[in-house]
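Worksheet: the structure to be examined is printed underneath.
Order of appearance sets the numbers: ligands from 1, and atoms from 1 within every ligand. Side chains included, hydrogens not; waters and symmetry mates left out as well; all remaining heavy atoms used.
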Amino acid sequence: VSKEKKRPTLITDLNSVEGNICIVDELKNIFEFAIGSAYPDLEDPPIVITLSGNNPKFGDYQCNSAMPISQLLKAKNVKTNPREVANNILNKTPSSPFIERIEVAGAGFLNIYINKTVAEHVLNCILRFGVKPPPMKKERVIVDFSSPNIAKEMHVGHLRSTIIGDSISRILEYLGHDVLRLNHLGDWGTQFGMLIAHLQDKFPDFKTHSPPISDLQAFYKESKKRFDEDEEFKKRAYACVVQLQAHHPDYISAWKLICEVSRQEFQKIYDRLNINLIARGESFYQDRMDAVVKQLKDGGYLEEDEGRLIMWGDPVKKDGIPLTVVKSDGGYTYDTSDMAAIKQRVEEEKGNRFIYVVDAGQSTHFVTIDACARRAGILKNSQKIEFVGFGVVLGEDKKKFKTRSGDTIKLSELLEEGLKRSLDKLVEKGRDKVLTPEELKLAQEAVAYGCIKYADLSHNRVNDYVFSFDKMLDDKGNTAVYLLYALTRIRSIARTAQISLDQLLEEVDKTGFKFGHEAEWKLGKVLLRFPEIILKVSNDLYLHSLCEYLYEISSAFTEFYDKCYCVEKDKEGKIVNIIFSRLMLCEATARVMEKSLDILGIKTVSKM
Ligand code: ARG
């Protein structure tokens, strides 16, 4: 029985296309249409479009649907082979302004050659209107990231979460989504009992005089030591927790004071790295924890277990670890606050996507939160927790990242070292002699923070990665330094030609951009893929694809620049000829690179 299927609408008029068109999506539509016409009886035939790789013999993209379709037909006793299928698809492919030509090759591949006019149109749009995001349905997205714990150190794991979470927020904001960036601070819990008890002893007048806790971590260590060694102190610490949770004003002010000291420390890191986020820690959910516990009790989801109240994601199988929703002393846990948080994010924030950027070690915790929230009807149907896990940071010895003396590394010291190393590198290259002190400082910061961010983002986040200043400050290979240099070089081309942006844009209006040399076309095709990369990354939240793309752009640019001069000079060095369309390609390349770096949270400089 052949069903009346909805065919995708195809783009027929180039003028309706903007610079943000995702070519691969349009190709998918075209081939969905073609395959639907060639094989109307096949239900959901596979539409496989891939990039062809480096050999121009295979076209720019390929449609690889013929092989699986031939299998499907054989299963229905239709005698055929992939090549025949490929030819049938080709015969039904509607003409499109995007496609120059299609060839059937090998075992049944359809090699697709992209039309140059489309590419020229897209590049002209980028030059005229900037690098616009592909259009999309706007969503409310909650991104939970960074999330260090008060009084404890903010360690390299939190640094990863901060860098990845910021970049995820940036890409979603770029696409026009309504993003809520949340810092789920560990600011509520039993550790505050011992901190307050210790504060009462050391700074009894803390309510009138702000105590100089310059080193909150040392303070935390002291109180922990007492807690472990002194029974009397331990009792008092527990009593403090009870007072705090009962909102006794003295205890609340002690708690606030401690939180404030921590928050100022965290803020210094955020300021340096240019990170924006809203502090909404576990304490925010106090009342909401009561409410969610009641909901779970009333729903009959909680089971008693040695005095605790637990909840299973699957009450029949009971595998994995259940949530501890209420402790035997009546207190709440990390699990309770995450249940309250997901409920708040669904019901009050009205989120469409719930993203958590947390180390991979917590993945089971979030799988269980998702399962329990679903069981209790808090998460419905397609709503889900998106766990963005990441591996641990290793030292160059491939062991857990530590200082020489075996202490954990302080983030502020790490950033400080980054600044020092980046300046060394710039001086080593003699840049201090060329740049003004202001330019040098800008370059130093861009390189230091850029290299730390890029080293993190350019690795597949699920893997552990080795932290090495030497590697990240290398000016060869896929590093921030290499890219920042490449970009300044591109930016300097127009400067050398003494062509202002206005002059260039005037030329764009007059003649428009046109491809010449083969290397220009190669670079142009890479630039064309920007929307595709952005859409992919905003779905799977793997930022290393964007980094690989940046590297691909700069490699294609290098090849172009080696083969094509943009400015011709005579023996005296006087400019005799300017090839405007090549300067336009430089400008478009720089813009796509800048936008990509911006999404990665990396500042660019015009000189370095
Ligand atoms: N504070 C936690 C930690 O340091 C991370 C919190 C992540 N977010 C959450 N909603 N549980 O491990």
Any pair counted as ring pair (Phe, Tyr, Trp, His ring centres under 6.0 Å), so long as it reaches residues 315-355, sequence neighbours left out: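 Sorted result for residues 315-355: Tyr334-His365.
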
Aromatic ring pairing Tyr465/Phe467, orientation class (parallel under 30°, perpendicular over 60°, tilted between):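 It falls in the tilted class, 30° to 60°.
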
Cationic N near anionic O, under 4.0 Å, Glu222 to Arg226: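 Answer for the salt bridge query: no.
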
Basic-acidic side-chain contact under 4.0 Å: Glu445, Lys441: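 Here Glu445 pairs with Lys441 in a salt bridge, since their nearest N and O are under 4.0 Å apart.
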
Those protein residues which place at least one heavy atom below 4.0 Å from ligand 1: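 For ligand 1, the residues that come within the 4.0 Å heavy-atom cutoff are Asp144, Ser147, Asn149, His158, His184, Tyr334, Asp338, Tyr356, Val358, Gln362, Phe366.
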
Residue list, side chain to side chain donor-acceptor pair (under 3.5 Å) with Arg308, at least two apart or on another chain: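 With neighbours one apart ignored, the set is Asp305, Thr324.
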
I'd like a table of donor-acceptor pairs (distance under 3.5 Å, sequence neighbours excluded) in which one partner is a side-chain atom from residues 231-239, with atom names and distances.
residue: Arg236; atom: NH1; partner: Gln200; partner atom: OE1; Å: 3.2
residue: Arg236; atom: NH2; partner: Asp201; partner atom: OD1; Å: 3.0
residue: Arg236; atom: NH2; partner: Asp201; partner atom: OD2; Å: 2.7

